[in-house]
Protein chains: 2
Amino acid sequence: MPEQNFEMEHQKALHNLKKNLPDNEDLEAMVNIFKAFGDMTRAKIIFALAETPLSVGEIADTLDMSQSSISHQLSILKGLNLVSNARRGRNIHYRLSDQHIITIFKQTQDHIIEDENDF
Amino acid sequence: MPEQNFEMEHQKALHNLKKNLPDNEDLEAMVNIFKAFGDMTRAKIIFALAETPLSVGEIADTLDMSQSSISHQLSILKGLNLVSNARRGRNIHYRLSDQHIITIFKQTQDHIIEDENDF
DNA sequence: TTCATATATGAATGATTGCTCATATATTCA
DNA sequence: TGAATATATGAGCAATCATTCATATATGAA
């Protein structure tokens with residue numbers, strides 16, 4: 001009876017579930033990154049930096065937001081090693097730490113597009 | 001002088017930045033998904049559902065959390081089409097809407113691993 | 001050194017959010 | 001139908017968070 005096989009498989013999966021979950025530390029690292037992505041300002045900063053390195057002021061101008069706000073958000077992104085910075089003349093230029101970051105955004109965009117096709 | 005070329009390229013990139021950013025609607029959709037991923041409870045739910053479909057009660061037991069809390073979080077995930085549900089006998093089973101979701105998590109895990117190697 | 005500019009930072013505040021508790025709804029079973 | 005079980009939902013509360021405002025720090029120019 002296939003119905004019972006399904007049930008048995010399910011029970012087995014259920015039993016192993018808890019120990020198959022990533023440990024809290026790893027999960028927390030991931031969740032923190034998603035949290036960083038889950039804010040309009042930071043997402044815009046990331047997309048902007050995907051095009052070219054930018055100074056704090058340039059980002060503030062582009063996004064039409066205060067210097068302070070951008071600086072605060074950059075320090076969060078930096079704390080998570082999502083961006084790095086370097087002085088360039090009078091300014092400090094920020095850049096994405098690695099290309100993975102923009103890939104994750106693109107992947108998510110794909111998910112949304114796929115999703116829209118369902119309707 | 002290569003320094004000036006750099007500066008000119010930068011000015012050009014800066015000028016085009018604003019109109020190259022994704023429009024707000026698209027960005028908001030992405031940000032909402034990241035927001036959903038950016039919470040330990042929901043992340044755990046997603047990892048659990050990546051293994052097998054589960055009822056609300058099974059998730060609550062596995063994560064050692066209240067039924068109400070899990071139900072609330074599931075409704076958020078469902079609102080974003082990240083999970084779907086179907087009654088199965090007395091219970092309601094939830095499953096991931098598509099496989100993209102777990103790919104995004106794995107991609108992020110890769111980012112973290114790469115990051116750790118830098119130290 | 002002094003002034004001007006660019007960035008960082010701390011405190012305060014309003015908004016968002018995750019959980020709990022109580023309760024409503026819905027389905028199965030007897 | 002009535003009781004039991006599974007899930008959903010609304011209000012309330014504490015915690016988190018993004019922005020602002022004021023100010024500190026740091027660099028470059030004169």
Side-chain angles (χ1 to χ4, degrees), chain A residues 3 7 10-11 14 24 27-28 30-46 48-49 53-80 82-95, chain B residues 3 7 10-11 14 24 27-46 48-49 53-95:
Chain A
E3 180 59 19
E7 187 52 33
H10 181 241
Q11 285 306 322
L14 185 56
N24 261 18
L27 240 182
E28 215 148 348
M30 256 185 286
V31 162
N32 282 336
I33 288 181
F34 287 132
K35 234 181 254 182
F37 292 170
D39 171 83
M40 281 295 261
T41 302
R42 287 189 297 259
K44 284 178 189 170
I45 292 175
I46 288 168
L49 293 181
L54 292 165
S55 74
V56 179
E58 286 169 337
I59 298 173
D61 287 351
T62 305
L63 306 192
D64 206 18
M65 294 187 62
S66 78
Q67 175 270 320
S68 177
S69 180
I70 298 300
S71 187
H72 276 296
Q73 298 308 334
L74 283 170
S75 94
I76 290 173
L77 294 175
K78 185 146 192 298
L80 292 165
L82 294 171
V83 303
S84 64
N85 60 9
R87 185 169 283 277
R88 186 170 180 87
R90 190 185 288 251
N91 305 313
I92 294 180
H93 275 212
Y94 280 79
R95 60 171 65 249
Chain B
E3 181 59 19
E7 187 51 34
H10 182 240
Q11 285 306 322
L14 185 56
N24 262 17
L27 240 183
E28 214 149 347
M30 255 185 286
V31 162
N32 282 337
I33 288 181
F34 287 133
K35 236 180 250 181
F37 292 169
D39 170 81
M40 282 295 263
T41 302
R42 288 189 295 262
K44 284 178 190 170
I45 292 176
I46 287 168
L49 292 181
L54 292 165
S55 74
V56 180
E58 287 169 338
I59 299 173
D61 286 350
T62 304
L63 305 192
D64 206 17
M65 295 187 62
S66 79
Q67 175 270 320
S68 177
S69 179
I70 298 301
S71 186
H72 276 297
Q73 299 309 334
L74 283 170
S75 94
I76 291 174
L77 294 175
K78 184 146 193 298
L80 292 165
N81 286 309
L82 295 171
V83 303
S84 63
N85 59 11
R87 184 167 284 276
R88 186 170 181 85
R90 191 184 285 250
N91 305 313
I92 294 180
H93 275 210
Y94 281 79
R95 61 171 63 249

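Protein chains get the first letters and strands the later ones, always in sequence-line order, with residue 1 at the start of each.
- Residue side chain A:H72 fails the stacking definition with respect to D:dT19, as its ring centre and the base's six-membered ring centre are not both under 5.5 angstrom apart and under 30 degrees in plane angle.
- Distances from the side chain of B:R87 to the nucleotides C:dT7, C:dT5, C:dA26 place C:dA26 closest.
- When heavy atoms are screened at a 4.0 angstrom cut-off, B:S71 is found touching base atoms of the nucleic acid.
- Contact check for B:V83 versus B:K78: side-chain heavy atoms found under the 4.5 Å cut-off.
- Each of C:dA8, D:dA18, C:dG18 was ranked by its minimum atom distance to the side chain of B:Q73; first place goes to C:dG18.
- Look at CG on B:N85: it is 12 Å from P on C:dT27, rounded to the nearest Å.
- DNA chain D is contacted by A:D39, A:T41, A:R42 of residues 36-45 of chain A, taking any non-hydrogen atom closer than 4.0 Å.
- At C:dT20, none of the side-chain N or O atoms of B:Q67 fall inside 4.0 Å of OP1 or OP2 (strictly under the cut-off).
- Side-chain atoms of B:N91 never come within 3.5 Å of backbone atoms of B:H93 as a donor-acceptor pair (strictly under, hydrogens ignored).
- Listed here is the closest heavy atom pair of B:S69 and B:M65: OG-CE, 3.5 Å.
- No side-chain heavy atom of B:V56 sits less than 4.5 Å from a side-chain heavy atom of B:N85.
- Between A:F37 and B:F34, the angle of the ring planes goes over 60°, which puts this pair in the perpendicular group of the 30/60° scheme.
- Position along DNA chain D of the nearest nucleotide to A:G89 versus A:I76 favours A:I76 as the more 5'-ward residue.
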